[in-house]
Amino acid sequence: MSRYDPSLIEPKWQDAWERAGAFTARRDPAKPKYYVLEMFPYPSGRIHMGHVRNYTMGDVVARYKAAQGFSVLHPMGWDAFGMPAENAAMERGGHPKDWTYGNIADMKAQMKPLGLSIDWSRELATCDPEYYGQQQAMFLDMLEAGLVYRKAAVVNWDPVDMTVLANEQVIDGKGWRSGAAVERRELVQWFFRISDYSEELLSALDGLTNWPEKVRLMQANWIGKSRGLQFAFQTVGAPEGFERLEVYTTRPDTLMGASFAAISPDHPLAKALETDPKVAAFVAECRKGGTSAEEIETAEKIGYDTGIRVKHPLDPAWELPVWIANFILMDYGTGAIFGCPAHDQRDFDFASKYGLPIKAVFVAEAAEDAPLTEAFVPMKSERVRYVRGFAGETVQTGEEAVAAAIAHAERHGYGQGVTKYRLRDWGISRQRYWGCPIPVVHCPSCGVVPEKKENLPIELPYDVSFDKPGNPLDRHPTWRDCACPKCGQPAKRETDTMDTFVDSSWYYARFTAPRAKTPTVAEEADYWMNVDQYIGGIEHAILHLLYSRFFARAMHRTGHLPAKAIEPFNALFTQGMVTHEIYMTRDAAGRPVYHLPEEVVRTETGATLKDGTPVEIIPSAKMSKSKKNVVDPMNIIARFGADTARWFVMSDSPPERDVEWTSAGAEAAFKHLSRVWSLCSRIGEMPEGHKGEGDEELARATARAIDEVTKGIEGFAFNKAIASLYAFTNTIARANASTAVMKEAIRTLAKLMSPMTPHIAEEVWAMQGGEGLCAQAPWPKADPALLVDDTVTLPIQINGKRRAEISVPKDMAIPEVEKLALADEDVVRFLAGQPVKKIIVVPGRIINVVV
RNA sequence: GCCCGAGUGGCGGAAUGGUAGACGCAGCGGAUUCAAAAUCCGUCGCCGCAAGGCAUGCGAGUUCGAGUCUCGCCUCGGGCACCA
């Protein structure tokens, strides 16, 4: 008997699949199609366990669906633009393009041995001019369709490096490289009109029934539809042109609790007041720090009393002060609010800090109107008693009160009910080199002019340097120079490149025709779209998925996708992340420096670098390049083979849950595959026609395994499918059935294992006389007759505690079951003569006796 | 700060509101072996000699019955629009 040696069998079967073209996607009108897609990776250069888990899941689905008779499309590509390539160029020299393509080659070489059923002929990288040229063509179409525009927006500005920073590059309000305090600065940038689709993107969520509820909820909250009141305060003492101050509130029922009005530091009124040096200083103070919502909302709340007053709409004699406050966002509503400290914690904190009045508008139904120590914010659906109400009943829910307040405002003409969305337009300008150039030209006489399509792709120049901060395209000697497509006069190219989210918003469509001279090809898109199963990390729940949903609609509007593809992902599965501890030291300036797990030596008390420097251990978090807490799966594959790695990542945790990487367990997976191997050898040596015992039991176990594994894969419960496979393997190993039944069982085992461990499955299949390639064999079907049991064991509870059990025929009538249960000797003992109040029989499940 | 999740033995986890701990790992006992590794068999939540009791992050509640549903907390994780 030979030993299980994956290094011999894995390359052999990978060759066989390739020779057979087993994974080449073909449009086959005779078959239903199935498009399975995993979120494509960023080419960091090394695959990690998260990739192995992600792509194995997709591969299980792809192989399973192929066995179910579908024509499967399972492609792979590279999300290849982005900051790390430029950072590498800055840190280590070299060129982002060379670095990226080198990484792609390395990663592909690491992925190939996994034996994934990928159609590599469709491979693409978003940094290929072949890809981004088509993206530029679509940009022009969308520009023409009015989906793209320019406006000013704030960015993180590093005043020392004189460059724009990503949020990730702002650490504690300082630039990561320069250490300078970051400021918010306005820049004119390109935007997609995603907010035009707010309602559409929200209401269409209801149709995404095969998406996780939590993702739909997160997207709905992100879009943030709200119904509220918009009205204008009359101002007193404001500069000319600011006689009215428009505010928006979702709680107009709290109007009588207003104690101040507040405007964003970016509000036009604040800008108008900046002629006052004190206001200018305050606004400058507010602009310190980065642009991220997290930073803005966790910053200490500060305010400046402008001295301007506004008249309360319900009582002109009542005047409220107007403050500039750093926590009011210009992007949401009108950039101005009225503060009701009693019913909003932020307003409460602000009012407490600046000594503004706090008056309750409503109280809990049974409570008195007493001074508050914190904001009272019950759910809107809760009934409360209004002590300073002005519309609706005294006791009503928040929802009723809001509706009544809007009606009151409309009736008296001081405001209107309006619907607003939190979703903002999608800013795609990046002041960086390694991205898709925005194909427009700035002409001194014609202004902003779209490039001609025949001039596409606008390719990135190769001769750039990264020795200075800032965008190399800006300082390139000739690249910017061009002729205006309209008037032919000398003009300058746009140097902003596109957000990499644009690249990943349509790659799924491009996979249907990756080499086409147009972004998509109708007949290919018609056949392959939509993605039937999309698989990726929960961290993409909002941005990537929402942008893709928008982009598909924009592509439909510009003629690049059929109407059926406006929701491109029929089903979504969000896998958990593979997490790992983070190892950190600090540099001379006290900034964190992260270390790869292989650079770290664990000690009894903690961890050190190899030179003995103590390392700070930060608890497990998502594996990420920047935190360097990534584990290299290649060691596992080298030691145990791809099947072990695949089996292991699918077996341990439920796929939607995070999994903490540990090296223990890979051994166990390998041992199990070795057991399957020796079992296969043993059965192979059984004499033909040998009669054994327990044929029916083994046939039943086989049927049960088919049923359980099928359900497990269909329901994305791969860990449960694998648990059934362990049990089934043990059953076969202990069985002593006839040769034919044993062979049937192990062939079925091979087929059931094949989505997870395709190589060993193929080998077992061949040894046990399976026909053709296991990878191309049909999925087995369980005989329903073998799945039913005649008797069933029922636990008996007394007052909800399990005390006994009885075995009864499956279809026994309830009164019979009751009689049997009450006659059971344990039951009699526990009842000890107490009268039975009630007896509950759940057929096939449980009996509960209540005394 | 805001939005969304998760929390079950020593560990990963299983459980249409119906026997909590399937399956696997580790541990323990045994077989095999000169011995070990490997392999195989058995055992394995905690307390208790046992009867039995206690157990699904914490606290309430609904129910004949709650890991599962409701409310309030705690801890950890993801996202927060320029990380991908």
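Chain letters run A, B, ... following the sequence lines, proteins first and then strands; every chain starts at 1. Here the structure is a predicted model, which is why all the values come from computation and not from measurement.
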What's the gap between [N] and [M] when it is taken at their [atom1] atoms, as a whole Å value?
N: B/C69; M: B/C76; atom1: P; result: 23 Å
N: B/C44; M: B/A37; atom1: P; result: 24 Å
N: B/C64; M: B/C58; atom1: C1'; result: 26 Å
N: B/C11; M: B/G57; atom1: P; result: 13 Å
N: B/C25; M: B/A14; atom1: C1'; result: 15 Å
N: B/A6; M: B/G13; atom1: P; result: 13 Å
N: B/G53; M: B/G7; atom1: P; result: 28 Å

Reading nucleotides 41-55 of chain B from 5' to 3' and marking B where a protein heavy atom lies under 4.0 Å of the base, S where only the sugar-phosphate is that close, and - otherwise, the string is SS---------SSS-

5' to 3', nucleotides 5-13 of chain B under a 4.0 Å protein heavy-atom cut-off (B base, S sugar-phosphate only, - none) gives SSS----SS

Of all residues at least two apart in sequence or in a different chain, which pass the ring-ring contact (aromatic ring centres under 6.0 Å, His included) check with [X]?
X: A/Phe501; answer: A/Tyr547
X: A/Tyr332; answer: none
X: A/Trp222; answer: none
X: A/Phe830; answer: none

When you measure from the side chain of [X], which nucleotide among [options] comes out closest?
X: A/Ile538; options: B/G78, B/G79, B/C82; result: B/G78
X: A/Asp79; options: B/C82, B/U19, B/A84; result: B/A84
X: A/Arg802; options: B/C82, B/U19, B/C80; result: B/U19
X: A/Arg424; options: B/U19, B/C82, B/A81; result: B/A81

Counting any heavy atom closer than 4.0 Å, what does [X] reach on the DNA or RNA strands: base, sugar-phosphate only, or nothing?
X: A/Ile722; result: nothing
X: A/Val164; result: base
X: A/Gln431; result: base
X: A/Trp222; result: base
X: A/Arg675; result: sugar-phosphate
X: A/Gly576; result: nothing
X: A/Phe501; result: base
X: A/His544; result: nothing
X: A/Ser504; result: nothing
X: A/Gln219; result: nothing

May I ask you to verify if any side-chain N or O of A/Asn730 is less than 4.0 angstrom from the OP1 or OP2 atom of B/G24? yes

Syn within 90° of 0, anti beyond: B/G72 is anti

By salt bridge (Lys or Arg N to Asp or Glu O under 4.0 Å), A/Glu825 pairs with (sequence neighbours left out) none

Hits for salt bridge (Lys or Arg N to Asp or Glu O under 4.0 Å) against A/Glu297, two or more places apart or cross-chain, chain-then-number order -> none

In whole Å, I'd like the distance from the [atom1] atom of [X] to the [atom2] atom of [N].
X: A/Phe718; N: B/A22; atom1: CZ; atom2: C1'; value: 19 Å
X: A/Gln797; N: B/A66; atom1: CD; atom2: C1'; value: 11 Å
X: A/Met107; N: B/A84; atom1: CE; atom2: C1'; value: 12 Å
X: A/Glu86; N: B/C83; atom1: CD; atom2: C1'; value: 13 Å
X: A/Ile223; N: B/C3; atom1: CD1; atom2: P; value: 17 Å
X: A/Glu708; N: B/U16; atom1: CD; atom2: P; value: 13 Å
X: A/Leu543; N: B/C80; atom1: CG; atom2: C1'; value: 8 Å
X: A/Glu294; N: B/C83; atom1: CD; atom2: C1'; value: 13 Å

Pairs under 3.5 Å (Watson-Crick or G-U), crossing ones as [ ], inter-strand ones as |: RNA chain B comes out as (((((((..(((.....[....))).(((((.......))))).(((....)))..(((((..]....))))))))))))....

Got [X] and [Y] here, is their nearest side-chain heavy-atom distance under 4.5 Å?
X: A/Val828; Y: A/Asp824; answer: no
X: A/Phe81; Y: A/Tyr433; answer: no
X: A/Trp677; Y: A/Arg675; answer: no

Contacts satisfying salt bridge (charged side-chain N to carboxylate O under 4.0 Å, His left out) that involve residues 839-851 of chain A (not counting sequence neighbours) are none

For residues 795-808 of chain A, the salt bridge (charged side-chain N to carboxylate O under 4.0 Å, His left out) pairs (sequence neighbours left out) are A/Arg802-A/Glu805

Under the ring-ring contact (aromatic ring centres under 6.0 Å, His included) criterion, do A/Tyr534 and A/Tyr508 qualify, and how do the steps go?
CA-CA 10 Å; A/Tyr534 196 33; A/Tyr508 50 87; 7.3 Å; no

Looking at A/Asp826 and A/Arg829, is there a salt bridge between them, counting it only when a charged N and a carboxylate O are closer than 4.0 Å?
yes

Sorted by position of nearest nucleotide on RNA chain B, 5' first, the leading residue of A/Val849 and A/Lys301 is A/Lys301

Comparing A/Gly800 with A/Thr291, nearest RNA chain B nucleotide closer to 5' gives the residue A/Gly800

Does the ring centre of [Y] sit less than 6.0 Å away from the ring centre of [X]?
X: A/Phe551; Y: A/Phe192; result: yes
X: A/Trp647; Y: A/Phe640; result: no
X: A/Phe327; Y: A/Phe350; result: yes

* Counting only distance, no hydrogens or angles, is the base of B/C83 paired donor-acceptor with the side chain of A/Glu539 under 3.5 Å? -> no

Within the modelled atom types, does a donor on one side and an acceptor on the other bring the side chain of A/Glu297 and the base of B/C2 under 3.5 Å apart? no

- Message: Check whether A/Trp211 forms a cation-pi arrangement with A/Arg216 (NZ or CZ under 6.0 Å from the six-membered ring centre, at most 45° off the ring normal).
- Response: no

So, with a heavy-atom separation below 4.0 Å from RNA chain B, the residues of residues 835-848 of chain A are A/Ile840, A/Val842, A/Arg845, A/Ile846, A/Asn848

